[in-house]
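Heads up, the thing below is written out as structure tokens.
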There are 2 protein chains.
Amino acid sequence: MATMRDVAERANVSIATVSFVINGTKRVAPETRARIEAAIEELDYRRNVVARALASSRTRILALLHPDLEARPNATVIQFVMSAAHGARERGYDLVLWPVNDDEQMSHLLAGGLVDGALLMEVQIRDSRVDRLVASRVPFALIGRTENDDLPFVDIDFATTIDLAVGHLRSFGHQRIALVAQRTKAGNEPGRIMRAKAAYLDAMAALGRPPAVVAVEGTSAGGREAAHKLHDDFPDATAVILVNEGASAGLVKGLRALGRTVPDDLSIISASTTRELGEMIEPSLTVMAAPAPQLGRLAADALIDQLEGVQDTPPHILIPCTLVPGQSVGPAPDRSSTSRPEPKRERNAQTDS
Amino acid sequence: MATMRDVAERANVSIATVSFVINGTKRVAPETRARIEAAIEELDYRRNVVARALASSRTRILALLHPDLEARPNATVIQFVMSAAHGARERGYDLVLWPVNDDEQMSHLLAGGLVDGALLMEVQIRDSRVDRLVASRVPFALIGRTENDDLPFVDIDFATTIDLAVGHLRSFGHQRIALVAQRTKAGNEPGRIMRAKAAYLDAMAALGRPPAVVAVEGTSAGGREAAHKLHDDFPDATAVILVNEGASAGLVKGLRALGRTVPDDLSIISASTTRELGEMIEPSLTVMAAPAPQLGRLAADALIDQLEGVQDTPPHILIPCTLVPGQSVGPAPDRSSTSRPEPKRERNAQTDS
DNA sequence: CTGAAAGCGCTTACAG
DNA sequence: CTGAAAGCGCTTACAG
């Protein structure tokens, strides 16, 4: 592999001049530049990224840190990764997905000088990784938020998202609206769950309705469990908002197994997911599509602005999900006469064509 | 950030000795070692990965190269990434997902000296990225195969997978079996599609049945299109094998819209996907689960063996998918009397509880 | 068992 | 406009 020295020799210049041409850091006489460029071409020279990094203490590599991804369909995460990678690339940075499991690994990575900055996903309300990040003095931006709001972040605006979902349901006459959240290990709650829950509780309070919250795993089995819990504990709910992508399909299946039809008996909105997921389910789910493509890019931009000393980036960016109507929301059934719906025992009919 | 020099000074040794202790590359007197370890601890020293890489021309970083991921649920890819990352970590390597769009980017990465080796996913039958990889002289392993078989690879054994699927369907009496493949840009065919198709054609020939192949996009819309094509072009098919994860849900929805019940009218197996995807669909799909967890790990091992000069790794590893029965395969309906099934016009019934 | 020193391939003041 | 040289923080023969 050709080095800068080889290029310099072939072009009859010093390696400093080669460096200036490659980086555009200084004026170089046109004919000198031409000679150097020719030499680079002829030798198929490519700058050694590691040496450059050591000399300049910059690598132009950004890490997107993510805890172990589960094996469930996770289109949102992929959208984050890809849009952040594109945004970074446009500004001359590489962005890589770095699966990092424990704090020690993270310190190793951050202290190693290998990345110029980091993006952190799946931020918890209390997140020791954030502390590590702060301690490491590596510039970073969060995708999500901790409980304290003075770190730079981009996040889904869950409060607005839930308000939009509740508003949509109310426009169909729904008053008794349940929330299906994601069950989390104790003390390890993602901010999105907490914030969505808080927004939901506010909305219910404003409506003068008691809240109905169910938390289950983000799996099909979790979704079926949610169907049973809703059926048993909140039989008068006419609509449900999911903040649990992975449980969406299972919830519909579970309801159907219980003889409850979507949306005739129960309307459903799945918040913070993708329209693709909505389309997979029958009936097609009305979803609040996560702004992952925008947020990934904005996160990359925010981080790079920080690295390059750009001052005018807002430290916090919030974007709500977008309503994508499907076929899972319908008029609220009239429950005024019966306190509990009569579970239909016959096989239920299809609701879409 | 403390450097090795700081540690050496504090421990009253040379930096060489510090290096020996950190890397375990040479014997060091116990008390010297203890002094050095104490100094490391006190200074919270962490080796600079970039400097180490430059000096040793090894980074212990592996890149998993993936072309732009689409926004569809792609659990299999995530499984590959995570299992490969775990396998690498156990052997002291970091593995990152590097979204790489064009050949130029890839050359930049490979020539930069930043990664010791590469794993390439979504390998096409003819793949210019593979040529780049070979030219770069960076060690690599493929996940998938090109048309020539002498490069190291791990891959799903599609021939066996299709045979198992056909065998399963035959045990239910099916003879007319269609294949739903993935539509690809011309000249850009993933090996898996081609190999699955070939295995299917062989199986049909052995059965003495004409093949019925439909190719659609890997989306819900693609799946619905497949339902129509099957209904119009191959109305006597009693079973279908999908090699198109993204179209699975849409196919079931499309069939139902056409009044065809799964599995009463048509049995379905979705090959090379995850059991999680199968569970999301109603009825739960019988799937051939991709051996992504094993293959990711094996790919990482194969690559690292190569890097470390381990000779006894088989250059090619093939593992078939595993049958995970769901509720989408049933006895073949008797079609002997009618050449074309009477499309049911009434709403269809559920098939699972 | 330990150290002095060269070298990995660049960048970047500094001098001219 | 161009170059000589120091330095980034390590590893690794080589010598003792």
Side-chain angles (χ1 to χ4, degrees), chain A residues 1-37 39-40 43-61 92 108-116 138 307, chain B residues 1-37 39-40 43-61 92 108-116 138 307:
Chain A
M1 187 107 302
T3 72
M4 195 173 269
R5 168 147 280 112
D6 299 328
V7 174
E9 277 173 13
R10 189 179 190 96
N12 263 309
V13 294
S14 75
I15 60 165
T17 309
V18 176
S19 177
F20 298 150
V21 167
I22 290 178
N23 296 306
T25 33
K26 269 196 189 175
R27 306 197 60 76
V28 172
E31 58 274 29
T32 312
R33 165 187 298 278
R35 275 213 316 286
I36 292 172
E37 280 168 351
I40 289 174
L43 296 171
D44 193 28
Y45 168 74
R46 280 162 220 277
R47 171 174 52 206
N48 181 307
V49 177
V50 174
R52 172 166 135 103
L54 183 58
S56 65
S57 48
R58 301 198 52 189
T59 61
R60 301 190 80 84
I61 296 176
H108 160 78
L109 166 66
L110 297 172
L114 209 87
V115 300
D116 286 352
V138 170
L307 291 174
Chain B
M1 188 106 303
T3 70
M4 195 173 266
R5 169 147 280 112
D6 300 328
V7 174
E9 278 171 13
R10 190 179 191 96
N12 263 310
V13 294
S14 73
I15 59 164
T17 308
V18 176
S19 177
F20 299 150
V21 166
I22 289 177
N23 296 305
T25 33
K26 269 196 189 173
R27 304 198 61 77
V28 172
E31 59 275 28
T32 312
R33 163 185 302 275
R35 276 212 316 287
I36 292 172
E37 280 167 351
I40 289 175
L43 295 170
D44 194 27
Y45 168 73
R46 280 164 221 276
R47 170 173 54 203
N48 182 306
V49 178
V50 174
R52 172 165 133 104
L54 183 59
S56 65
S57 49
R58 301 198 51 190
T59 61
R60 302 190 79 86
I61 295 176
H108 161 78
L109 166 67
L110 297 172
L114 207 91
V115 299
D116 286 352
V138 169
L307 292 173

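We name chains A, B, ... by the order of the sequence lines, and we start the count at 1 in each one. Scope of the values below: all heavy atoms of this structure, side chains included, with no hydrogens, waters or symmetry mates. If you're wondering where the values come from, they're calculated on a predicted model, not measured in any experiment.
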Not counting sequence neighbours, which residues clear side chain to side chain contact (heavy atoms under 4.5 Å, CB included) with B:Leu54? List them please. A:Val50, A:Ala51, A:Leu54
Where protein sits on nucleotides 9-16 of chain C, one letter per nucleotide: B base, S sugar-phosphate only, - none, heavy atoms under 4.0 Å: BBBBBB--
Between [X] and [Y], is any pair of side-chain heavy atoms under 4.5 Å apart?
X        : Y       : value
A:Leu114 : A:Ile61 : no
A:Asn48  : A:Thr3  : no
B:Thr59  : B:Val49 : no

For residues 15-28 of chain B, run the donor-acceptor check on the side chains, cut-off 3.5 Å, and write out each pair with its distance to 0.1 Å, sequence neighbours left out.
from: B:Thr17; atom 1: OG1; to: B:Ser14; atom 2: OG; distance (Å): 3.2
from: B:Ser19; atom 1: OG; to: B:Asn23; atom 2: ND2; distance (Å): 3.2
from: B:Asn23; atom 1: OD1; to: B:Arg47; atom 2: NH1; distance (Å): 2.5
from: B:Asn23; atom 1: OD1; to: B:Arg52; atom 2: NH1; distance (Å): 3.1
from: B:Asn23; atom 1: ND2; to: B:Ser19; atom 2: O; distance (Å): 3.0

Ignoring backbone atoms, test whether A:Ser14 places a side-chain nitrogen or oxygen under 4.0 Å from the OP1 or OP2 oxygen of D:dA4. no
Kindly say if A:Thr17 contacts the phosphate of D:dG3, meaning a side-chain N or O under 4.0 Å from OP1 or OP2. yes
Suppose the criterion is salt bridge (charged side-chain N to carboxylate O under 4.0 Å, His left out): which pairs have a residue in residues 4-19 of chain A, not counting sequence neighbours? A:Arg10-A:Glu42
Salt bridge (charged side-chain N to carboxylate O under 4.0 Å, His left out) pairs, two or more places apart, involving residues 28-37 of chain A: A:Arg33-A:Glu37
Would you sketch DNA chain C in dot-bracket for me? Only Watson-Crick or G-U wobble pairs with both distances under 3.5 Å count, crossing pairs as [ ], other-strand pairs as |, the rest as dots. |||.||||||||.|||
Distance, rounded to the nearest Å, where B:Leu114 contributes CG and C:dC8 contributes C1': 15 Å
Counting the atoms with a prime plus P, OP1 and OP2 as sugar-phosphate, which does A:Val49 contact under 4.0 Å by heavy atoms, base, sugar-phosphate, or nothing? nothing
Is the backbone N or O of A:Arg58 less than 3.5 Å from a side-chain atom of A:Asp116, with the two atoms forming a donor-acceptor pair by type? no
